[in-house]
Amino acid sequence: MTEGTFLTEIFEHFFDPKKRVFFGYLLVSIFLALGWLVFFRNKSFKKAITKIFDIKILFSRSARADYKVFLINRVFMIFLSPYLLSQMVVATSIYYFLHSIPLFKTSHFPEIPANAVALLFTLSYFIFDDFTKYWVHRFMHKWPVLWALHKVHHSAETLNPITVYRTHPLEGVVFSIRGAFTQGIVISFFIYVFGNKVDLVTILGVNVFVFAFHIAGSNLRHSHIGIQYWSWLEKLIISPAQHQLHHSIDLRHYDKNFGATLALWDWIFGSLHHSEDVDSLVLGIEEDHIDHQSLRDLYIHPLKEILQISLSGFRGVKSIFTIFKT
Amino acid sequence: MKKLIILVSSLFFVTEAFAHHFYNKFPVTLKGYSGSKTNSVSYSGQIARHVLHDSLKKLAGKGDGGSNAASLEAQMMMYFKGSKEDLDIIAPKTKGDFKIKQTTLNQISKGKNLSGKTYKGIINGWPGQMTGPEVIEFMIKKAAKTKGGFDPSTGYNYPQLISKFAMGAVFYNQSVDNYLDEKMTADNKPNNKPYKDGAHYTGKEHSWDEAFGYWGAASHGLGLDAKQNYNVTKMKDMAAADQNKDGVVDLKHEMNFAHAYYAASYDKGGKTNYYNTVTQAFLDGRKIIAGAKGDALSAKERAALAGHIAIINENWEKVIAESVFKYAGSVYKDIVKLEEILASNGNTDKQFSKYGKHWGELKGFALALQTGKSNLGETAVKLNRLTGFGPVLMNASQVTGVDSQGNYLKEEAQSWGEFKLHMLKIQKLMVDKFGVKAKASDMLSDMADLASKMGNSDSAEND
Ligand SMILES: [Zn+2]
Ligand SMILES: [Zn+2]
């Protein structure tokens, strides 16, 4: 790997429409923020601009930690990715397995047009992906071993679009396993039933629904711009302010709004909380004995904590059961 | 004028350059030879066998359902076991502009047969524990009784079964397990003696030529691209086939047969280069032998030859494995279509015969793969079990053996779903054990394409 390609690989997410921090989506988010502040919060254009590019937020100690974590994790992931479970391994095993179910016959449904199959596939994948994200996120909060990792994300005291990368690398591994299973299940099932008619409906090479989510300002979830939706819409789709509330330190906001795109799952499974004024929220986690913005504590402390949890085996076993109780 | 000279002279150089790629002319190096022959290349016996094979395949589809069974069987046996009289070439035959020079066997080579050169070991993948020649005779007898070569009661397509199995048991086996194996040892057919008394070529020269002849490539094939080579066999590209521009295709050196044709068919997909790799290795090996100038080969020369033999063995085996891979995929797709027709209560006859044809190709190539130099061991056992003795039939039965009278025995078979899974496992086996690359009809490619389109999920992104 040459130095040049290595650097491009580190920053390629900003040029990849599949990624949330694609510069196009960031630009759109700025306009959305501007519109929100000017039209819904009655701020002057100038004040809105100063608010959006608030130096105290964008270069806070927490934000600077985000940027460093982003760089370090990119390096981690570039070297780690060849060893991660691939969706093809999962898809192939499930595809094989489907053949051995006697009553489950392949019918490639010649009467259903290919674009209908493609749309169904794209929508199903989007919904299923969002559903598994909800549950993995929920487990991240409920199971102490996973919470030790997920705390890295929640230790952010200010939010900016790069906070999305404020993730412990081991949590990244968990996410990649989730992704492999989700894709593997949907791909194998659809190909088995519909054959080569299955396709992904895309814009700029991106799942059309994911594209819509990003164009609608997904980057503002991690920001200080608290866009709120109508109450009815916040039951279906998570507003930026709803996710900001997920980061709140307030006890009332604990274990609320796990959803990634859809609020539906929070609504169904009882973890929904409507948005509140973001400027009144204190973000982060309450734990005094460590420095949440030091890289050493961000990377090492979760490992220490996991070790402690596993050493006290009783607590570990018990903690598994607490998940099922909740 | 000057331009014309440049053009003509560059054309000359091009032809000259290509000439070195031709496997058609090597000097006579045999010491003490006083005859008039100047070219030591000779493999017309192998071409005669290719023609016997093509003709036999054609005949296997000529049954009318019983009334011509006896005469057809007798005729097929002549093409399998040879005949004292000259035999008409039944295939390949002139088709439109594509004119074939020879019309009878003796115009190529006299007194040749397939039976004497068929692998003599037991064929485990076919019911009845028969030897190679016994399997072909058995199939010939069955084929003669069918209508058009297909037996709906078993799903067997005999032209495909006979042809693909013979390609392995005769051509592949003779080449890699005999001429490139025993006959390349120091003491067997030495280079300082004629191949046989009175011959104008040496032992090693002719052994090597015979191995090349079985491979089936046209002597000028290296100068053509994969698509041209493919179309030569398909009799669609006269310009490419007629190398010496005499208006006819000389089967002795202008045609691509059998394995060489299949190699070209995969290479035209652009992912592999089997045809050129194997043909070039044959050509390079022949140059080493010619370079010995009639002396016995030195240890160094034999070592160099062994390197080329290894390339030939490996790539030839892959060509057969590619076919197994491809037809396993075809069988899978055929079953899906059959299921669709069944679901809509349609008539499955036509699709069933297509399925039988593809299964026959799969089976034939699977058997052929097992006739090489090395024992495939566990891989062969797996391949035979996955393929089955016969295709799963519409009434969910399958041939599982033959009785002492040679009648097929049938038993309840696995489900369609399981049989499809077997096809997927055959494809995986070909990838894992032989490293096939062309992968025609890859049943997992749709999934792989979709997966790559979706990309890795955003593993480091958090909410
Ligand atoms: Zn977050
Ligand atoms: Zn969280």
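Labels below follow one simple rule: chain letters A, B, ... track the order of the sequence lines, proteins then strands, and each chain is numbered from 1.
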Discussion item. With rounding to the nearest 0.5 angstrom, report the CD1 to CG distance, A:Ile187 to B:Asp449.
Written reply: 10.5 Å
Discussion item. Need one label for A:Ser188: side chain, backbone, both or neither, based on atoms under 4.5 Å from any heavy atom in chain B.
Written reply: both
Practice prompt. Could you tell me which portion of A:Val198 (side chain, backbone, both or neither) has an atom closer than 4.5 angstrom to a non-hydrogen atom of chain B?
Written response: both
Practice prompt. For B:Glu461 and A:Tyr165, run side-chain contact (heavy atoms from CB on, under 4.5 Å): C-alpha distance rounded to whole Å, both residues' side-chain angles, the deciding distance at 0.1 Å, then the answer.
Written response: CA-CA 5 Å; B:Glu461 292 180 25; A:Tyr165 291 103; 3.6 Å; yes
Worksheet entry | CE on B:Met454 to OG1 on A:Thr202, rounded to 0.5 Å | 11.5 Å
Worksheet item: Is chain B contacted by the side chain of A:His168, its backbone, both, or neither, given a heavy-atom distance below 4.5 Å?
Response: neither
Discussion item. Is it the case that over 12 heavy atoms from other parts of the model lie below 6.0 angstrom from the CZ atom of A:Phe181?
Written reply: no
Discussion item. I'd like to know which of A:Met140, A:His153, A:His243 tops the heavy-atom pair count under 4.5 Å against chain B.
Written reply: A:His153
Worksheet item: Which residues pass the side chain to side chain donor-acceptor pair (under 3.5 Å) test with B:Lys268, sequence neighbours left out?
Response: none
Worksheet item: Hey, what do you get for CD1 (A:Ile191) to CE (B:Met443), rounding to the nearest 0.5 Å?
Response: 9.0 Å
Discussion item. Measuring only between side-chain heavy atoms, which start at C-beta, is A:Arg166 closer than 4.5 Å to B:Asn462?
Written reply: no
Practice prompt. Rounded to the nearest 0.5 Å, what's the gap from NZ on B:Lys420 to OH on A:Tyr192? Could you check?
Written response: 4.5 Å
Discussion item. Only pairs of heavy atoms separated by less than 4.5 Å count here; which of A:Arg74, A:Met88, A:His246 has the most with chain B?
Written reply: A:Met88
Discussion item. Any heavy-atom pair between the side chains of A:His99 and B:Tyr332 that's under 4.5 Å?
Written reply: yes
Worksheet item: Is the backbone of B:Gly455 close enough, under 3.5 Å, to the side chain of A:Gln183 for a donor and an acceptor to pair up by distance?
Response: yes
Worksheet, complete the sentence: Interatomic distance, OH@A:Tyr96 vs CG@B:Leu444, rounded to 0.5 Å, equals 5.5 Å
Discussion item. Between A:Thr163, A:Asp199, A:Ile238, A:Val206, who has the most heavy-atom pairs with chain B when the cutoff is under 4.5 Å?
Written reply: A:Asp199
Worksheet entry | A:Gln87 side, atom CD; B:Leu450 side, atom CG - distance, nearest 0.5 Å | 9.5 Å
Fill in: Contact class of A:Asn257 relative to chain B, heavy atoms under 4.5 angstrom
neither
Worksheet entry | Residue pair B:Lys453 / A:Leu200: nearest heavy atoms and the distance that separates them | NZ-O, 3.5 Å
Item to complete: Look at atom CZ of A:Phe14 and say whether more than 12 heavy atoms of other residues, nucleotides or ligands are closer to it than 6.0 Å.
Response: yes
Worksheet item: chain B: which of A:Thr182, A:Asn73, A:Thr92 shares the most heavy-atom pairs with it under 4.5 Å?
Response: A:Thr92
Item to complete: Can you sort out the partners of A:Ser86 under side chain to side chain donor-acceptor pair (under 3.5 Å), two or more places apart, ordered by chain and number?
Response: none
Worksheet item: Side chain, backbone, both or neither: which part of A:Phe121 has a heavy atom under 4.5 Å from chain B?
Response: side chain
